[in-house]
Number of protein chains: 2
Amino acid sequence: MSRSSYNIDIESVFEGVCGLFPNLKPEEKDIMRKNITCQYFRKGEIIYKEGDTPQGLVCLSKGKVKLYKEGVGGRDQIVRMAKPIGFIGYRALFAEENYSATAEALEDSVVCIIEKNAFMGILRNNAELTLNILKSVATELGFSTNRTVTLTQKHIRGRLAESLIFLRDTYGLEDDGKTIKVYLSREDLANLSNMTTSNAIRTLSGFAEEGVIELDGRRIKILDHHRLERISDLG
Amino acid sequence: MSRSSYNIDIESVFEGVCGLFPNLKPEEKDIMRKNITCQYFRKGEIIYKEGDTPQGLVCLSKGKVKLYKEGVGGRDQIVRMAKPIGFIGYRALFAEENYSATAEALEDSVVCIIEKNAFMGILRNNAELTLNILKSVATELGFSTNRTVTLTQKHIRGRLAESLIFLRDTYGLEDDGKTIKVYLSREDLANLSNMTTSNAIRTLSGFAEEGVIELDGRRIKILDHHRLERISDLG
DNA sequence: GTTATTTTATGCTTTCAAACATAAAATTAA
DNA sequence: TTAATTTTATGTTTGAAAGCATAAAATAAC
């Protein structure tokens, strides 16, 4: 990665973030501009840890981030996969709690932070904006309870198939129309799908043998979307 | 149950609901009063079904309600247990989606509904109230992801112990300081803890043999809170 | 009060996924 | 480069929980 990537164009990052808030008044935008900071994270670096106190609203401007909770036997559970441009860690901010998951960069990433009090001040005077955020948090709560059910009730094949579809829908496909545009380790794939690494590897090999996917290291090509969806649906 | 229970005192129910909104202006309270309806549900009756469209903000004024999603193999997953005075179904309302779970009365219950547009109109003009709701939905999202991890990673004993603690903390104890103040069937207990009914029965018997709890039909007495918490924590 | 039906209780069997054990391949470091 | 470490790949064993069967108990229906 070239050195120049370290130079972040704050203004363009800021404009990207503002794109997520449709009807911001000029004075609100001004407050945000004055209270934003940017940070660069290399692949594998921790953006924040479970238990840390939120200092502001964190926005992922570039890169990919996984959010995971440490589980019972030290086994991690990935609870969310973030893509740009989008927020991370807002749940804890709005709940006035410490972070309930750790955020780690999966690729070199750019993150900017809008200072907590500045942002909450905007919310307190903008019911429409707050209602929009409420809507998206409520939507996410729906995803979460859905996820609880599928992770607990589907069998290994169904869970892995669902994860692959989820990754495809979240990050999209490469230009070939087949390769999932994110390159996770088998361990991450396992932690996303609630299974051991061995089982992720085994089940993935199984899918490849059946011709549903094609494997090339961490690159996963979906050859038969329909069949993959069937595997996911059957559980 | 006596016939007179069917006569609901709407005004007192309304005052109870308003208690959940601390700083409501008189005119807002007026709008709510004009847009509220009450309904009585007998034990076992369905308040709304997964897939139904919310007509308003539903408040449980009296009784107990379980919220469950139909799982993969017809196995239900209880996603929430509601107690009075509190709301149910608000997630779908705020997400502008259909209900993602079914609400069923566990006891004879009184429910009141604040008409959707009236309530959303109040929210659109009251950022403070909206922010309060955002906070509680964000808190619940935290519970939900926590739950995903424990339901997937803890073993049967840990999951059941956690459920018993959850029920104790949600509904409290009878005057004896031991008996959990809710009487679920073994099947409900299983659906809450992500296990089969047989395993709920088996594991419950195990706890009783070990002297952690005492069973008397559906009545569950917690004899050793500390040990129950240890079982839950160890997973 | 008697009959059905549902719920609870236990034993036995099966199965799916975890745990363990290597080993090969791919990265990273020296 | 070579060595060290991590990741990926498979085979084997073990174990926890589901599935099934049956019966007793409790509850509801008649």
Side-chain angles (χ1 to χ4, degrees), chain A residues 1 42-45 66 71-77 104 106-107 150-163 183-210 213-220 231 234-235, chain B residues 1 42-45 66 71-77 104 106-108 150-163 182-210 213-220 231 234-235:
Chain A
M1 131 133 298
R42 306 201 49 174
K43 177 180 170 175
E45 285 184 335
K66 68 171 172 181
V72 187
R75 198 144 70 78
D76 293 338
Q77 173 70 51
E104 180 182 328
L106 286 169
E107 315 175 341
T150 59
L151 281 183
T152 53
Q153 298 201 351
K154 281 188 183 179
H155 286 189
I156 278 207
R157 285 169 57 88
R159 298 204 302 272
L160 185 62
E162 186 178 282
S163 288
Y183 304 95
L184 296 182
S185 69
R186 302 293 195 262
E187 191 183 359
D188 279 343
L189 216 44
N191 289 343
L192 181 65
S193 316
N194 182 36
M195 60 185 66
T196 56
T197 307
S198 324
N199 275 327
I201 292 168
R202 229 188 296 272
T203 310
L204 223 43
S205 301
F207 287 172
E209 265 172 47
E210 294 164 32
I213 62 171
E214 194 184 299
L215 295 170
D216 171 17
R218 291 187 177 190
R219 297 168 58 85
I220 299 173
I231 294 170
L234 290 176
Chain B
M1 132 132 298
R42 306 199 51 173
K43 178 179 169 176
E45 285 183 334
K66 67 171 173 180
V72 186
R75 198 145 70 79
D76 293 338
Q77 174 69 50
E104 180 182 329
L106 287 168
E107 316 175 341
D108 296 348
T150 59
L151 281 184
T152 53
Q153 298 201 353
K154 280 188 183 178
H155 285 189
I156 277 207
R157 285 168 57 88
R159 298 204 300 273
L160 185 63
E162 187 177 282
S163 288
V182 64
Y183 305 94
L184 296 182
S185 69
R186 302 294 195 260
E187 191 183 359
D188 279 343
L189 216 45
N191 289 344
L192 181 65
S193 316
N194 181 37
M195 60 185 66
T196 54
T197 307
S198 326
N199 275 327
I201 292 167
R202 229 188 300 269
T203 310
L204 224 43
S205 302
F207 287 171
E209 264 172 48
E210 294 163 34
I213 61 171
E214 195 184 299
L215 294 170
D216 172 18
R218 291 188 177 189
R219 299 167 57 85
I220 300 173
I231 294 172
L234 290 175

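Here is how names work: the chains are called A, B, and so on, in the same order as the sequence lines, proteins then strands, and each is numbered from 1.
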Let me know which of B:T203, B:L204, B:T197, B:I201 forms a side chain to side chain contact (heavy atoms under 4.5 Å, CB included) with B:L189. B:L204
Just how far, in rounded Å, is [atom2] of [N] from [atom1] of [X]?
X: B:H155; N: C:dA19; atom1: NE2; atom2: C1'; value: 11 Å
X: A:Y183; N: D:dT7; atom1: OH; atom2: C1'; value: 18 Å
X: B:D188; N: C:dT7; atom1: CG; atom2: P; value: 9 Å
X: A:Q153; N: C:dC16; atom1: CD; atom2: P; value: 17 Å
X: B:I220; N: C:dT7; atom1: CD1; atom2: P; value: 16 Å
X: A:R186; N: C:dA26; atom1: CZ; atom2: P; value: 12 Å
X: A:I201; N: D:dT12; atom1: CD1; atom2: C1'; value: 16 Å
X: A:L204; N: D:dT8; atom1: CG; atom2: P; value: 10 Å

Contacts of A:E107 that satisfy side-chain hydrogen bond (donor to acceptor under 3.5 Å, both in side chains) - sequence neighbours left out: A:K64
Which residues share a side-chain hydrogen bond (donor to acceptor under 3.5 Å, both in side chains) with B:E104, sequence neighbours left out: B:Y68
Here's a test of your reading of the structure: between B:R157 and A:S185, which maps to the more 5' nucleotide of DNA chain D? A:S185
When rounded to the nearest 0.5 Å, the distance separating OG1 of B:T152 from CG of A:N194 is 4.0 Å
As an exercise, state the distance from CG of A:L192 to CD of A:Q77, rounded to the nearest 0.5 Å. 7.5 Å
Going by salt bridge (Lys or Arg N to Asp or Glu O under 4.0 Å), name the pairs with one or both residues in residues 151-163 of chain B, residues two or more places apart or in two chains. B:K154-B:E162, B:R157-B:E210
Here the salt bridge (Lys or Arg N to Asp or Glu O under 4.0 Å) pairs for residues 193-206 of chain B, sequence neighbours left out, are none
Are A:I231 and A:F207 side-chain neighbours, meaning at least one heavy-atom pair lies under 4.5 Å? yes
Heavy-atom side-chain contact between B:R75 and B:N191 under 4.5 Å: yes
Give me the bend of the helix from C:dG1-D:dC30 to C:dA30-D:dT1, using the axes of the five pairs at each end, rounded to 10°. 50°
Mind checking B:R218 for me? I need base, sugar-phosphate or nothing, with any heavy atom below 4.0 Å counting as a touch. sugar-phosphate
Show each protein N/O and nucleotides 18-28 of chain D N/O combination with a separation under 3.5 Å, one pair to a line.
from   : atom 1 : to     : atom 2 : distance (Å)
D:dA18 : OP2    : B:N199 : ND2    : 2.2
D:dG19 : O6     : B:R202 : NH2    : 3.2

Side chain of A:S205 only, heavy atoms from C-beta on: which candidate in D:dT7, C:dA9, D:dT10 is closest? D:dT10
